[in-house]
Amino acid sequence: MPNVSFHDLSQLDAASRAALMRRSETDLSSFMEKAAPIIEAVRTEGDAALVRFARDFDKADLDAARLKVSPAEFDAAFGMVDEDVVAAIRFGIDNIRHFHEEQKPEAMWLKEMRPGAYAGDRFTPIRSVALYVPRGKGAFPSVTMMTAVPAVVAGVPELAIVTPPAPDGSVDAATLVAARLAGVETIYKCGGAQAVAAVAYGTETIRPALKIVGPGSPWVVAAKRLLAGVIDPGLPAGPSEAIILADDSVHGGLAALDLLIEAEHGPDSSAYLVTHSRRVAEEALAALPEHWARMTEQRVAFSTAVLTGACGGIVLTGSIEESYRFINDYAPEHLEILSTDPFAHLGHITEAAEILMGPHTPVSIGNFGLGPNAVLPTSRWARTCGPLSVTDFVKRSSIGYVTAAAYPEFARHARTLARYEGFSSHEHAVSDVRDRYLVR
């Protein structure tokens, strides 16, 4: 059995504890340095650069005429995907759509702040958004579902998916099915830093967008940071990370089973089992070989790399309170609370993007269509932002309306503060100068 990383917090000094907080993307300097010339090539060469990078990075047989998925490719995809997969996609999309419809803010609200004076908000869709769907370590129609559905619910008029091509120049068939069922018919075959650059600047084929959302590799995250002045990079969603919090009411084998869910995404993932029960920790260690025996070779390699490396393994705490402190400090993307009474723990967790409760709610169910969005902030960004939502696809305008009857009181107070702050034009705009122009 691989030597799974085991961290007994009581034996760690401050530096070692701090090291447990690191993610694979904590230092993106090398990726940003290498992504910069890729971005510049796309900016200056357009489609030609995308075709070249598809060949060099994705080993894809592609030309500029095939960068955009054709209607025929969409149609053919439905015949290439098993009916049970299509049914699962439909099931997930239905739940995700229902959740995000409930989440959608009303188009406008106004409240009378004082007699005759009204203020509120109006929400309008962002004009154009690109949705990034990764493919480097597998095919992810679920990411298409999670990004496309809230965007469609929000009413974004221009939506496009960017996703890496396969060596034959195709796009994963289930991703095409999910896109069409969600309501998106524009997909471009490009991935990595070059895809972010393409939707930021536009090319001969790809229309530029105002925003890009979706998880990706460190290359994608680096490109988003470099292009943040050109395109809204959306929430910071990098390589997968999860914490499984297990108390002493569950079997450690169950904790080990769920620990592998996010660990199998890739060697750059992060995954910890956090428990104050040595029994649970030992049972988890003992169960891992059995679980690995049921997995494919590639996923065993990925999850082994995570659980034996610096960004994964088992964390044994001295108490449940110490477990809470570790989790809140870590601020995970996914948090699963394995307990027969998960709600007893919920109130102690303040820093987690997604919290899945109890033995019947593994991350798998959250990822594939419970309803809440599974595109989540990583690298401790859960401390300041939450999951992708309908509100990521709309913008808010403040609305104000003051009637003639309410104006004098507001003008008097505005004059006072304008004079104090030294803004004479502000003051004059609500003085007797204005009164000469007002229609009575």
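Given the structure is predicted, the values throughout are model-derived calculations rather than measurements.
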query = Can you name the nearest heavy-atom pair linking Leu316 to Arg278, along with the distance?
reply =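 Minimum heavy-atom separation between Leu316 and Arg278: CD2-NH2, 3.1 Å.
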
inquiry  = Testing the basics here: between Pro372 and Leu370, what is the closest heavy-atom pair and its distance to 0.1 Å?
reply    =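 Residues Pro372 and Leu370, closest heavy atoms: CD-C, 3.6 Å.
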
request  = Identify which one of Arg66, Lys68, Lys189 satisfies the salt bridge (charged side-chain N to carboxylate O under 4.0 Å, His left out) criterion when paired with Glu73.
outcome  =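 Considering Arg66, Lys68, Lys189, a salt bridge (charged side-chain N to carboxylate O under 4.0 Å, His left out) with Glu73 is found only for Lys189.
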
Once rounded to the nearest 0.5 Å, what's the spacing between atom [atom1] of [X] and atom [atom2] of [Y]?
{"X": "Asn373", "Y": "Asn367", "atom1": "CG", "atom2": "CG", "answer": "10.5 Å"}
{"X": "Met145", "Y": "Arg97", "atom1": "CE", "atom2": "CZ", "answer": "10.5 Å"}
{"X": "Leu338", "Y": "Leu273", "atom1": "CG", "atom2": "CG", "answer": "8.5 Å"}
{"X": "Ile337", "Y": "Ser339", "atom1": "CD1", "atom2": "OG", "answer": "8.0 Å"}
{"X": "Ser364", "Y": "Leu257", "atom1": "OG", "atom2": "CG", "answer": "8.0 Å"}
{"X": "Glu45", "Y": "Arg52", "atom1": "CD", "atom2": "CZ", "answer": "4.0 Å"}

inquiry  = Walk me through whether Ser128 and Glu158 qualify under side-chain hydrogen bond (donor to acceptor under 3.5 Å, both in side chains).
reply    = CA-CA 5 Å; Ser128 57; Glu158 293 182 27; 4.6 Å; no

Polar side-chain atom of [X] near backbone of [Y] as donor-acceptor pair, under 3.5 Å:
{"X": "Gln103", "Y": "Val390", "answer": "yes"}
{"X": "Arg299", "Y": "Glu264", "answer": "yes"}
{"X": "Ser269", "Y": "Pro239", "answer": "no"}
{"X": "Arg23", "Y": "Met21", "answer": "yes"}
{"X": "Thr203", "Y": "Thr205", "answer": "yes"}
{"X": "Ser170", "Y": "Ala166", "answer": "no"}
{"X": "Ser5", "Y": "Gly309", "answer": "yes"}
{"X": "Asp58", "Y": "Pro165", "answer": "no"}
{"X": "Glu333", "Y": "Glu241", "answer": "yes"}
{"X": "Asp61", "Y": "Gly169", "answer": "no"}

Do the charged groups of [X] and [Y] touch, with an N to O distance under 4.0 Å?
{"X": "Glu322", "Y": "Arg17", "result": "yes"}
{"X": "Asp329", "Y": "Arg380", "result": "yes"}
{"X": "Lys104", "Y": "Glu101", "result": "no"}
{"X": "Glu321", "Y": "Arg325", "result": "no"}

request  = Could you tell me whether Tyr324 and His345 have their ring centroids closer than 6.0 angstrom?
outcome  =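 Yes.
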
task = List the steps, then state whether side-chain contact (heavy atoms from CB on, under 4.5 Å) holds for Ser323 with Leu245.
result = CA-CA 8 Å; Ser323 294; Leu245 169 63; 3.8 Å; yes

ask   = Do the ring planes of Tyr330 and Tyr272 sit parallel (below 30°), tilted (30 to 60°) or perpendicular (above 60°)?
value =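 Rings of Tyr330 and Tyr272: perpendicular, over 60°.
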
With side chains defined as the heavy atoms from C-beta onward, is the minimum distance between [X] and [Y] less than 4.5 Å?
{"X": "Leu181", "Y": "Arg90", "result": "yes"}
{"X": "Val363", "Y": "Asp258", "result": "no"}
{"X": "Tyr201", "Y": "Val230", "result": "yes"}
{"X": "Val213", "Y": "Leu131", "result": "yes"}
{"X": "Val153", "Y": "Phe99", "result": "no"}
{"X": "Ser303", "Y": "Met295", "result": "yes"}

task = May I have the step-by-step check of side-chain contact (heavy atoms from CB on, under 4.5 Å) for Val220 and Ile212, ending in yes or no?
result = CA-CA 11 Å; Val220 173; Ile212 181 169; 5.8 Å; no

ask   = Passes side-chain contact (heavy atoms from CB on, under 4.5 Å), Glu351 versus Ile327? Steps please.
value = CA-CA 7 Å; Glu351 315 297 329; Ile327 291 166; over 6 Å; no

query = Is there a donor in the side chain of Thr275 and an acceptor in the side chain of Ser277, or the other way round, less than 3.5 Å apart?
reply =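 Checked: Thr275/Ser277 side chains show no N/O donor-acceptor pair below 3.5 Å.
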
task = Count the heavy atoms of every other residue, nucleotide or ligand shown that sit under 6.0 Å from CD of Glu33, and state whether that count exceeds 12.
result =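 Counting neighbours around CD of Glu33, 12 or fewer heavy atoms of other residues, nucleotides or ligands fall under 6.0 Å, so no.
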
inquiry  = Out of the candidates Leu335, Val315, Ile349, only one should pair with Ile243 under the side chain to side chain contact (heavy atoms under 4.5 Å, CB included) rule; please name it.
reply    =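 Single side chain to side chain contact (heavy atoms under 4.5 Å, CB included) partner of Ile243 among Leu335, Val315, Ile349: Leu335.
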
ask   = When you look at Ile38 and Trp219, which way does the side-chain contact (heavy atoms from CB on, under 4.5 Å) test go after all the steps?
value = CA-CA 10 Å; Ile38 296 173; Trp219 289 95; 4.1 Å; yes

